[in-house]
Amino acid sequence: MDGKSKPGVPYGGMTDTWAKKHRLIYIGATRHPFILSIRDGTVDLSAFKRWLGQDYIFVRAFVPFVASVLIRAYKKGDESSGDMEVILSGLGSLNDEIAWFKQEASKWGVDLSQVAPEKPTQHYCRFLEELMRPEVDYTVATAAFWAIETVYQESFAHCLEEGSKTPPELQEACQRWGNDGFGHYCSSLRNIADRQLEKAASGSEPLVKVSEDVVSKAEVTFLRVLEYEVDFWNMSCGTAGHSAAPKP
Ligand SMILES: Cc1ncc(CN)c(N)n1
């Protein structure tokens with residue numbers, strides 16, 4: 001999703017509305033200069049290696065977050081929704097992703113045991129921990145989950161589009177998140193988030209206030225994900241003065 005409806009794919013859930021409403025930051029996260037440099041073949045390989053080491057740390061922290069969403073899906077007890085199956089498949093891919101990072105790191109001569117988390121990585125991982133707290137609503141957690149995966153899907157898919165000059169040695173990395181299967185997985189996550197948001201938005205009295213709070217908390221969480229993603233790309237580029245401060 002790019003905040004616009006795709007040809008032949010009419011879509012109009014809450015997540016789509018947010019992507020359009022917050023288009024500038026959405027584009028900032030999904031068309032970041034780091035991604036554009038991969039796509040046009042000018043990427044600085046030391047930036048790619050920095051990204052690789054930092055993202056390995058992020059992905060390890062992302063696993064317990066996804067597991068926490070799985071537990072919440074189970075506790076909701078709505079077996080017919082199919083949420084658990086989607087989330088479980090995501091956990092399976094993260095297992096492959098971790099193995100891929102290790103393999104890729106050895107290919108590029110990055111010693112993962114020596115990589116220390118930089119500030120933006122620390123802050124993003126702390127944010128994931130906050131989202132694991134029991135008081136965080138399933139709706140908010142699924143919106144964050146969808147946004148985190150979708151930023152990568154849209155970013156790396158852009159590097160594989162026709163006309164891109166992505167260096168051959170980086171194509172596998174782009175395929176990992178830019179492939180159609182990952183795109184379908186992100187659509188399933190979007191459907192889960194949208195269904196939850198819709199339920200919350202149409203919440204019946206007297207829970208109306210609580211439901212409205214959940215929807216606005218989910219939107220704020222979506223924006224925070226985009227900001228953390230931009231900070232993460234900035235750090236990868238080595239952009240001086242990236243805004244790495246923890247968000248309020
Ligand atoms: C920072 C970040 N954001 C998202 C993804 C996709 N799982 C990732 N690997 N790293």
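Remember, it's 1-based here, ligands and their atoms both numbered in the order they're listed. The first residue of the sequence shown is numbered 1, and numbering continues consecutively from there.
- Under the side chain to side chain contact (heavy atoms under 4.5 Å, CB included) criterion, Lys21 pairs with Glu219, sequence neighbours left out.
- Between Ser93 and Asn95, the side chains place no donor N or O within less than 3.5 Å of an acceptor N or O (distance only, hydrogens not considered).
- In terms of heavy atoms, Glu161 sits closest to Arg31 at OE2-NH2, 4.4 Å.
- The side chain to side chain contact (heavy atoms under 4.5 Å, CB included) test applied to Ala147 returns Phe222, Val225, not counting sequence neighbours.
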List, for ligand 1, each N/O atom that has a protein N/O partner under 3.5 Å away, with both atom names and the distance.
{"unit_1": "ligand 1", "atom_1": "3 (N)", "unit_2": "Glu229", "atom_2": "OE1", "d": "3.4"}
{"unit_1": "ligand 1", "atom_1": "3 (N)", "unit_2": "Glu229", "atom_2": "OE2", "d": "2.7"}
{"unit_1": "ligand 1", "atom_1": "7 (N)", "unit_2": "Glu149", "atom_2": "OE1", "d": "2.7"}
{"unit_1": "ligand 1", "atom_1": "9 (N)", "unit_2": "Asp55", "atom_2": "OD2", "d": "3.0"}
{"unit_1": "ligand 1", "atom_1": "10 (N)", "unit_2": "Asp55", "atom_2": "OD1", "d": "2.6"}
{"unit_1": "ligand 1", "atom_1": "10 (N)", "unit_2": "Asp55", "atom_2": "OD2", "d": "3.4"}
{"unit_1": "ligand 1", "atom_1": "10 (N)", "unit_2": "Tyr152", "atom_2": "OH", "d": "3.2"}

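- Under the rule for a side chain to side chain contact (heavy atoms under 4.5 Å, CB included), the partners of Glu172 that lie at least two apart in sequence or sit in another chain are Trp100, Glu104.
- A donor-acceptor contact closer than 3.5 angstrom links the side chains of Thr121 and Gln54.
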